[in-house]
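Here the structure comes first, spelled out in C-alpha cells, and everything after it is commentary.
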Amino acid sequence: MSLKIKFCGNFNLDKTLNCGQCFRWYKVGDVWNGVVSGYAINCWVDNSELNIDSKLDDLNFWINYFDFDTDYGFILDNARKIDTVISRAISENSGIHVLRQEPWETICSFIISQNNNIKRISGIINSLCKNFGKYKSGIYTFPGADIISRLSIDDLDVIKAGFRAKYILNAAQKVSSGVIDFDKIHRLNTENASKKLQSIQGIGPKVASCILLYGFHKLDAFPIDTWMKKVILKFYKNMDQDYFGKYAGVIQQYLFLWSRNHPDLF
DNA sequence: GCCCAGGGAATCG
DNA sequence: CGATTCCATGGG
C-alpha cells in the first residue's frame with residue numbers, strides 16, 4: 001500500500017502536477033491526491049523520496065507514470081546551452097517530469113482544453129468521471145472510450161462541455177472502433193502520429209501535440225498554445241521547431257510555466 | 001457589458 | 001492559400 005521512490009536528480013512534484021499536463025490532481029496540505037488508471041493515489045515528497053499511497057501497489061507502474069527512467073539531467077543540461085531564456089526558464093522551474101498518462105484520458109482531456117481555462121477543464125473532466133465513470137472506493141474512474149461512444153450529445157449536456165461535446169463523441173467513436181489505434185500511433189513518428197490524431201474532429205495541431213507529449217511520451221512534440229505564442233513572438237520570431245532540438249516538448253513545458261509566472265514580460 | 005481561457009472548424013476574400 | 005468569425009461556458 002505504501003511505496004517509496006528514491007530519486008537523486010531534480011524532481012519537483014508540485015511543478016510536475018501543476019504545470020498544466022494533468023487535470024485530476026489536487027493538493028491537500030502537503031499531500032497530492034489523484035486518480036490514475038482507475039486508482040486513487042496520495043503522494044508527497046520527503047527527503048528526496050516520493051512517497052506513494054495507493055491500492056495500485058506496483059512500484060514499476062509508478063516509476064513509469066512519474067517518468068523516473070528518463071534522464072532529465074542530461075536533457076536539461078543540453079537544453080540550457082541553447083540560450084539564456086531557456087536556461088532561465090529551467091532554473092526557475094527545475095524538476096518538471098513529463099508524466100506518462102493514459103492515451104484515451106489524454107485525448108479526451110485536451111479536447112476539452114481547447115479555448116478553455118485550466119480550472120474549468122478540471123471541472124468538466126471531474127463531471128465527466130462523476131457522471132459516466134465507475135465509483136470505486138471514494139473515486140470515480142475515467143470513463144472508457146467504449147462507454148462514451150454509446151452516449152449522445154444530449155447525454156453529455158450535464159458536463160457542460162459546450163461545443164466540445166461533439167468532439168468528445170467523435171474521438172470516443174474513432175478510438176473504440178479501432179480507427180484510431182494506440183499501438184500504431186506509438187510506432188508512428190511524431191509528425192505522422194499528429195496527422196492521424198488530427199483525423200478526429202476537434203483535434204488540431206496544438207491538441208495533437210499535447211496528446212503526443214503527455215499521452216504517448218513523444219518528447220519532440222511541441223504544443224503551441226496562447227502562452228507559447230507570446231513567448232515565440234517575443235523571443236523566437238524567426239526560429240522553427242528544430243531550434244529547440246529533439247526534446248522540444250520538455251523545453252516547451254518550462255517555457256510555458258515560465259511565461260505564465262511572468263505575465264509582465266509579455 | 002467586456003475580454004479571455006493550454007483551439008479548431010467553417011467561411012470568406 | 002491567409003485572415004476572420006463562430007463556437008459554449010464561466011471567471012475576472
Side-chain angles (χ1 to χ4, degrees), chain A residues 14-26 89 93 96-99 101 103 105-128 130-131 151-174 180 190 193-237 240-241 244 248-266:
Chain A
D14 287 341
K15 291 188 188 297
T16 295
L17 297 179
N18 218 355
C19 67
Q21 63 175 322
C22 50
F23 301 103
R24 296 200 73 193
W25 286 92
Y26 63 98
N93 298 295
I96 300 174
H97 281 198
V98 176
L99 299 172
Q101 304 183 71
E105 180 171 341
T106 311
I107 287 172
C108 209
S109 298
F110 280 90
I111 284 174
I112 291 168
S113 80
Q114 68 159 280
N115 198 30
N116 212 341
N117 59 70
I118 291 179
K119 188 184 259 179
R120 199 164 82 93
I121 297 165
S122 304
I124 293 172
I125 291 170
N126 274 329
S127 177
L128 182 73
K130 214 165 236 179
N131 282 286
L151 302 176
S152 67
I153 296 276
D154 291 344
D155 291 332
L156 281 178
D157 278 351
V158 285
I159 70 171
K160 296 194 181 296
F163 62 88
R164 307 165 191 86
K166 55 183 177 289
Y167 301 152
I168 295 170
L169 286 188
N170 186 259
Q173 286 156 8
K174 286 201 165 81
I180 296 291
T190 299
S194 177
K195 282 181 188 165
K196 185 74 183 168
L197 286 171
Q198 288 182 55
S199 69
I200 295 172
Q201 285 175 29
I203 297 185
K206 190 270 175 183
V207 170
S209 298
C210 287
I211 293 166
L212 292 172
L213 182 56
Y214 309 131
F216 292 88
H217 209 258
K218 293 188 181 292
L219 297 182
D220 58 332
F222 192 70
I224 299 175
D225 72 310
T226 52
W227 289 93
M228 279 304 295
K229 277 180 188 163
K230 294 176 193 174
V231 173
I232 290 169
L233 194 61
K234 178 142 185 178
F235 298 104
Y236 301 107
K237 216 167 184 175
D240 59 3
Q241 201 192 307
F244 299 96
V250 179
I251 294 172
Q252 185 273 357
Q253 211 56 208
Y254 283 93
L255 291 174
F256 170 75
L257 205 56
W258 179 73
S259 65
R260 287 179 64 107
N261 290 338
H262 298 281
D264 48 301
L265 279 171
F266 302 95

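We name chains A, B, ... by the order of the sequence lines, and we start the count at 1 in each one.
Rounded to a whole angstrom, the distance from the C1' atom of B:dC4 to that of C:dA8 is 14 Å. When the P atom is compared between C:dG10 and B:dG8, the two are found 22 Å apart, to the nearest whole Å. B:dA5 and C:dC6 have their C1' atoms separated by 16 Å, given to the nearest Å. Comparing C:dT4 with B:dC3, their P atoms are spaced 16 Å from each other, to the whole Å. Separating the P atom of B:dC2 from that of C:dC7 is a span of 15 Å, rounded to the nearest Å.
Protein chain A touches strand DNA chain B; the 5'-most and 3'-most nucleotides with an atom under 4.0 angstrom of its non-hydrogen atoms are B:dA5 to B:dA9. Heavy-atom contacts of chain A under 4.0 Å fall on DNA chain C between two terminal nucleotides, which in 5' to 3' order are C:dC7 to C:dG10.
Residue A:K160 is in sugar-phosphate contact alone, with no base atom involved, counting any heavy-atom pair closer than 4.0 Å across all strands shown. Contact annotation for A:R164: base contact, defined as any heavy-atom pair under 4.0 Å involving a base atom. Within 4.0 Å of A:C22, counting heavy atoms only, lies no atom of the nucleic acid at all. Looking at heavy-atom distances under 4.0 Å, A:G202 makes contact with sugar-phosphate atoms alone, never a base. At the heavy-atom level, A:Q253 lies under 4.0 Å from base atoms of the strands shown. Base engagement by A:F256 is indicated by at least one non-hydrogen atom pair under 4.0 Å involving a base atom.
The NZ atom of A:K160 sits 9.0 Å away from the OG atom of A:S127 when rounded to the nearest 0.5 Å. Rounded to the nearest 0.5 angstrom, A:H217 NE2 and A:L212 CG are separated by 12.5 Å.
Pairs of residues two or more places apart, or lying in two chains, that qualify as salt bridge (charged side-chain N to carboxylate O under 4.0 Å, His left out) and include a residue from residues 195-220 of chain A are A:E191-A:K195.
Checking side-chain atoms of A:S194 against main-chain N and O of A:T190 turns up no donor-acceptor pair under 3.5 Å. Using a distance-only test at 3.5 Å, with no hydrogens or angles considered, no donor-acceptor pair links the side chain of A:Q198 to the main chain of A:A208. A distance-only check finds no donor-acceptor pair linking the side chain of A:K15 to the backbone of A:L257 [under 3.5 Å]. One N or O on the side chain of A:S259 and one on the backbone of A:L255 form a donor-acceptor pair closer than 3.5 Å. Using modelled atom types, one side-chain atom of A:R164 and one backbone atom of A:N115 make a donor-acceptor pair closer than 3.5 Å. A donor-acceptor contact shorter than 3.5 Å links the side chain of A:Q21 to the backbone of A:H97. When atom types are taken as modelled, the side chain of A:D155 and the backbone of A:S152 share a donor-acceptor pair closer than 3.5 angstrom. Panel note: side chain A:S109, backbone A:T106; no donor-acceptor pair is recorded below 3.5 Å.
In the region residues 114-126 of chain A, proximity to DNA chain B at under 4.0 angstrom, judged on heavy atoms, holds for A:Q114, A:N115, A:N116, A:N117, A:I118. Scanning residues 213-236 of chain A for heavy-atom distances under 4.0 Å to DNA chain C yields an empty list.
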* Audit row: A:K174, A:N170, side-chain hydrogen bond (donor to acceptor under 3.5 Å, both in side chains) steps and yes/no -> CA-CA 6 Å; A:K174 286 201 165 81; A:N170 186 259; 3.1 Å; yes

With a cut-off of 3.5 Å and sequence neighbours excluded, list every side-chain donor-acceptor pair involving residues 226-235 of chain A.
residue	atom	partner	partner atom	Å
A:K234	NZ	A:L265	O	2.7

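Ring pair A:H262/A:W258 is tilted by interplanar angle, where 30° to 60° counts as tilted.
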